[in-house]
Amino acid sequence: MIKVGNVAIGGDSPISIQSMTNTDTRDFNSTLGQIRVLDIAGCEIVRIAVPDLEAAQVLPELIPATDLPIIADIHFDYKLALEAIKAGISGLRINPGNIGSEQKVLKVIEACRERKIPIRIGVNSGSIPKEMLKKYGHTAQALVESALYHVGILENVNYQEIKISVKASSVNTTIDAYRLLAKKVDYPLHLGVTEAGTVFRGTIKSCLGIGTLLAEGIGDTIRVSLTANPVEEIRVAKEILKSLDLRQGLDIISCPTCGRTEIDIIKLTEEIETKLEKYRDKNITVAIMGCIVNGPGEASEADYGIAGGKKEGLLFKRGKILKKVPEKNLVQALLDLIKTDAN
Ligand code: SF4
């Protein structure tokens with residue numbers, strides 16, 4: 001188990017949710033603004049790209065301005081890593097094999113050791129070293145062997161505050177790589193499918209990749225990578241965890257509708273989903289069913305529900321029908337019921 005700030009990762013710790021800012025790190029206000037929005041959305045660890053000294057120099061001011069643990073994402077430049085460590089980051093993402101001379105690597109590791117800062121070794125399918133590609137091709141094994149090479153550097157100096165990721169843009173390669181890695185090491189694993197795409201495609205790929213691995217008991221922290229506002233990543237990550245019962249929270253089940261549906265269930269469900277967002281961390285299940293024939297029965301396990309009729313609907317609570325409500329008042333009636341119970 002390692003700790004990124006106050007968030008434990010690995011062992012029996014809950015699977016944590018990460019994201020990454022996509023603002024210009026040098027722009028203090030917009031970066032802090034995005035961190036705050038991510039925090040409100042439910043992000044637990046935030047990663048920030050530190051591409052140059054100017055970006056690193058924002059960190060001393062940025063880190064105390066938020067309660068979220070900050071991980072600095074650094075490529076190659078050990079000086080930037082040292083600056084970020086000095087600024088008080090909670091984690092560092094850097095591949096020790098890419099830092100340069102042994103002396104530079106040691107400097108970074110010793111600075112991390114002093115402050116117990118974990119290092120994530122992050123190997124992606126797009127950045128596998130040439131020698132590994134030559135030996136293993138674009139395979140899961142290439143990802144794992146690359147990661148183990150970097151791990152070896154840290155282990156040689158007895159540094160074990162390590163977290164590893166082996167992300168590919170292919171779902172199958174990602175799954176294979178993490179399965180292989182999980183057999184070889186006990187370090188906490190950071191899961192993700194890299195360059196997964198836009199909200200639609202990226203969500204599907206991430207759910208399949210991350211979800212499959214989590215269902216097998218592999219993985220300790222997750223980052224959904226989307227070409228979108230990072231808040232979307234948090235929404236998807238939460239749903240993945242809830243769907244696998246790894247986290248509690250609001251669940252909305254709704255029927256696909258069919259020829260029996262006589263009210264606008266699609267519109268109703270979308271409206272309810274938006275309005276119930278404030279209850280997202282409450283452990284309640286709401287069912288929105290198109291008809292009375294199957295509705296309350298199929299959704300009898302839900303805490304609250306609606307079953308559509310002809311321009312009206314039945315409001316029910318844990319399988320028990322409460323009253324008939326006209327279609328136009330259904331959303332409000334459901335919200336009132338949940339609100340009364342929640343208070
Ligand atoms: Fe059709 Fe009713 Fe089933 Fe919805 S709950 S799909 S309306 S049968």
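Just follow the structure's listing: the first ligand is 1, and inside any ligand the first atom is 1. Computed from a predicted structure; not experimentally measured. Counting from 1, the numbers follow the sequence of the chain as shown.
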**Message:** I'd like to check which ligand 1 atoms, numbered from 1 as shown, lie under 4.0 Å from a non-hydrogen atom of T261.
**Reply:** 7 (S)

**Asked** In Å and rounded to the nearest 0.5 Å, what is the CG to CZ distance from L226 to F200?
**Response** 12.5 Å

**Message:** Under a 4.0 angstrom heavy-atom cut-off, which atoms of ligand 1 come close to C258?
**Reply:** 1 (Fe), 6 (S), 7 (S), 8 (S)

**Fill in**
If you scan protein heavy atoms around atom 2 (Fe) of ligand 1, the nearest is C291 SG, 2.3 Å

**Asked** Nearest heavy-atom pair of V108 and L82: which atoms, and what distance?
**Response** CA-CD2, 4.0 Å

**Request:** Return the residue, atom name and 0.1 Å-rounded distance of the protein heavy atom closest to atom 3 (Fe) of ligand 1.
**Result:** N294 ND2, 3.8 Å

**Prompt:** Which protein heavy atom lies closest to atom 4 (Fe) of ligand 1, and at what distance to 0.1 Å?
**Reply:** C255 SG, 2.4 Å

**Message:** Please give me the minimum heavy-atom distance between L92 and I117, naming the atom from each residue.
**Reply:** N-CG2, 3.9 Å

**Message:** I'd like to know if K238 and D281 make a salt bridge, using a cut-off of under 4.0 Å between side-chain N and carboxylate O.
**Reply:** yes

**Asked** Could you state the interatomic distance from NE2 (H75) to CD1 (I99), rounded to the nearest 0.5 Å?
**Response** 12.0 Å

